[in-house]
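Sequence lines set the chain letters: A, B, ... in the order given, protein chains first and strands last, and positions in each chain run from 1. What you see is a predicted model; the values in this text were computed from it and never measured.
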Amino acid sequence: MGWLHNRFEENFIITSVDWALNWARSSSIWPLTFGLACCAIEMMAAGASRFDLDRFGAGAFRATPRQSDLMIVAGTVTFKMASRIRRLYHQMPEPKYVMAMGACTVGGGPYVKYGYHVVKGVDLVVPVDVYIPGCPPRPESLIEGLMRLQDKMKQQTIARRPQQA
Amino acid sequence: MAEFTTEDALRSRWSAAARPRAVRWFSGLGVVFVLGAAALGLLATRLTGMSYAVALAVAVVLLLTGGSCLGAAVVVQYPRAVGRLLQRLGLPLFLLAVAAIIVVAWAPVLLWPDKPLIVRDVLAVVGAVGFVSLFASFAIWWERKVAGRIQSRLGPMRVGGWHGWAQSIADGLKLFQKEDILPGGGDAVLFRMAAYVTFVPALSLFIALPFSAAWVGRDLDVGLLLIVALFGLGVIGVLLGGWASNNKWSMYGAMREACQVISYEIPLGFSLLIPIMVAGTLRLTTIGELQAGGFWTWLAFRNPFTLIAALTFLIATLASCKRAPFDLPEAESELVAGYMTEYSGFRWALFMFAEYAEMFAAGALTAILFFGAWHSPLPAAWGAAWATGPLWQQALHGVVFSGPLWLIFKGIFFVYVQIWLRWTLPRIRLDQVMHACVQFMLPVTMVVLLAQTFWQLLVPAGSVLAVALNLACTVLGALVALGIASIAVYGLRYRRRLVGTLVVDHLPGS
Amino acid sequence: MPDAPLTNSPDSLADVERVVPGELRTEEMLLNMGPQHPSTHGVLRLVLRTDGELVLEAVPHIGYLHRCAEKIGESVASFQFIPITDRLDYLAAMINNQGFSLAVEKLAGLEVPERARYIRVIMAELNRIASHLVSFGTYGLDMGAFTPFLYGFREREYILDLFEAACGARLTYSFITPGGVTQDLPDGFLDNLARFLDYFEPKIDEYNDLLSFNYIFIKRTAGVGVISPEDAIAYGLTGPCLRGSGVKWDLRRCMPYELYDRFDFEIPVGVAGGTDRIPREVVAGDSWSRYFVRMQEMKQSVRILRQCVQQLPAGEFRNKPKGILKLPPKEVYLEVEGARGQLGFLVVGDGKAVPRRVKIRGPSFCNLAITKHVCRQVLLADIAAILGSIDVVMGEVDR
């Protein structure tokens, strides 16, 4: 939608188009299967039968970054893995989002003090949209994080913002 | 944690001062346009020929514009009420829109019998593209729901209200917004072309696929040949995509897919020869009309050889459509995403559309060739009187005896079988796929072909042997159908008991 | 990377025979599988040298989840290290806790009450079932059968409900500590456990019918990745990988710890096909045997659990040491039978609360070592089958 961005000021048509585009984007979030450690198991449980992310339209986990919108970094990020995370992030097409799941990705988790190989938070590697604390966070927390991400998506607009004075 | 509802979307963007002005303008414009449309319509009745058509068209446009303005006025004046109404009526409105599109598309067919061929062709193409898009959206949603139910969970539930019916629309619109990535180092031209080369044949075969004796784009006398040829063309697109992605995993997927699809075209062709032999023609409408006499005349049940041919055809189309258990080209756990690894956004959606289009075409082809085409299990002769009566009788005939709805139903049934198999069976390894093709399917289809040849030569049509085997196969088929139906009913009735006590206790409301 | 030689190890296959003899030169490809890949059970990277579909050599690269567990062991007190042990084999966290607690108790000479021991065994066996359910599900997923994964997770949810009732956590429990367990079992736990066992035991047969004896699954896994018993012992395999090759070695029976000598259960091993419902194509030591050993182990765990429910005595649930537990200047190495093999803890104390050295023997680390040996001259699709049957958890491999 690059040709549409920042072209028109806010009006009825633009806000309706916004609403439609945001609705589509938030109703069809496809996560990338990117489980690193223990949080991956809770992510899988969130996609499984009891909690079922597919109800939100977010259940189609894609194996390739090219077809996914959301990278749920589930698990500890180590120095060796960090470059791969950044590479995968760059391979995802816009619009893309990153969810930091679990205490390790939020700020280092239990390894923050003595973990010499642990990156203290994945936001040192990729920009993060939603942080989900917990070690590991329950699937309900993951679902709430997803809903917060949906709220964030619904705030986006293609209209031209008024210039600051 | 406020849910963003349709009400919020429709909340008035005008300030309290501007709103009455907006309502006045919209309603004024709306009234003007509607009156203009009425005037033009009255004027049109006095004209003839081309000017009549033009005036009518302009009147319709003005009517629609006027209606939209009036609608906008209502929305601006009463946003909350309209929002709540839309939330509840979303699905019925969507279905009504689909029905309206179908009616508008077919109105010229009924009202303009001697239209030029070009108009007819345009209508056929529009109809085919429209049907495929609709079906692909429906099938993607349905696959997720069926997969969910098999896996003891619900599928999409929230997107659009009732069971997430708008999920495919959201998916499509989201894919439309994605950035278009072309892999660096890959062949850009071939990369783009691959999606089109896969998509176009999958759509084109609907031109020759008859939905009924009268509902067919072009009733070719080599229709079957064209459809099978177009089925096979998709391989080129996959190979192009795998090569142009500059990715070893895509190459693997493309190679595997080429291997598999091309090999399975041989048993596919051999199985196809059976109905061609029975009918004596490649024309699909003729093959369909052969099966108009009730389900004992369906080609699958004529004799055991045609029954085996029907089954081998079904398996060969599974391999052709790259569906599980033959889904090695898209094997997620090994090849990431196979030949589609590097495709993002709408290009990937084209591949998916092509796949679902092919699935329906395969199912419809199975139905046309073996399982009664567009006829219901009742013989069409019983309703012959209705076929030439007034319009409502013809519609009833179409629903009860033979009509495009039956073909669509059968196509969807075979698509359901494909979905069911995908979520049940593991994946077969490539060498085992080839082994099954060359050492099992090929001999079986060859033997069946030979047997059917001799059968047709030596056994007269009404003889005791023919009738007895026909009856036997019919009874077998009926038993299988009844078996499936009864298992479904049993599962539905005792679903709580079947899942077990712990699951039941965890269900909401218990 | 593309030009880095794979010939560092003495096990190099530079002289492996090509498939096509004669003058036809085929080109090799160097493929990278992972570290992000749906089928490698975590962040494992496999570099494959392939000739078409045939894999000539597969070299695993690890270290992508190295979380400095042993360094942390030298920096925090023993009871503070328990949460770190949770995260080693995160699918069977209770067993990790149990192993470390037993090592510390042996080092410090701490007595554990009888009821606490029974509770530990209950938790360990439940966790073994939960872990095997995940391995069953992901193996089906690797083979393309998507549904058993969800069934496995559905049954797992009931086990996690039990764990949540007992200690409040679903995945990383920190429940078993030196001295016993942190809390007593809540009311109704044993009834719920009995109900779960009655519900679950027939399900194992159902899943066997669904996946284990499915013809396509057998064709994919039987005869693939055969490891002979001598190789298994030589490479230090333990757990279902070792038992799948026919070696009847299980620490719970052979070197019993923690009340396992009181229970009556069998040790399933892999056998050749043809007898007793085992499919004909199966060879002892192939992927199917390793997988089926896990299915049978679930049944044996159910058996142990039923006996625990009957025998559980009343009493204390913890022998809490006064003050912070100081570890005497000795060393102890103790192994327990984890879900994936023998999990060993070496704890070296030096008179303080913080140990001088904690070394963890991760069973998956040793099991993974056989990858290079067994993944030769197999098809690309078989790599997923072999790796899934070895069932590695990278938390244990990289620690």
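- Pairs of residues two or more places apart, or lying in two chains, that qualify as side chain to side chain donor-acceptor pair (under 3.5 Å) and include a residue from residues 84-94 of chain A are A:R84-C:Y64.
- Neither the backbone nor the side chain of A:S26 has a heavy atom closer than 4.5 Å to any heavy atom of chain B.
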### Message
Using the rule given for side chain to side chain contact (heavy atoms under 4.5 Å, CB included), can you reason through A:V106 versus A:M101, listing the C-alpha separation, both sets of side-chain angles and the distance that settles it, and then say yes or no?
### Response
CA-CA 7 Å; A:V106 167; A:M101 177 182 178; over 6 Å; no
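- A donor atom on one side chain and an acceptor atom on the other are found under 3.5 Å apart for A:Q156 and A:R25.
- Looking at B:I181, the atoms closer than 4.5 Å to chain A (heavy atoms on both sides) all sit in the side chain, from C-beta outward.
- B:D171 and B:R144 are joined by a salt bridge, as a carboxylate oxygen and a charged side-chain nitrogen come within less than 4.0 angstrom of each other.
- In this structure, no portion of B:A147 lies under 4.5 Å from any heavy atom of chain A.
- Among residues two or more places apart in sequence or in another chain, the salt bridge (Lys or Arg N to Asp or Glu O under 4.0 Å) test is passed with A:D69 by B:K174, B:K178.
- Using a 4.5 Å cut-off between heavy atoms, B:Q167 contacts chain A through its side chain alone, with no backbone atom that close.
- Between chain B and the options A:S28, A:G59, A:P95, A:A20, heavy-atom pairs under 4.5 Å are most frequent for A:S28.
- With chain A as partner, the option from B:E342, B:Q151, B:H163 having the largest number of non-hydrogen pairs under 4.5 angstrom is B:E342.
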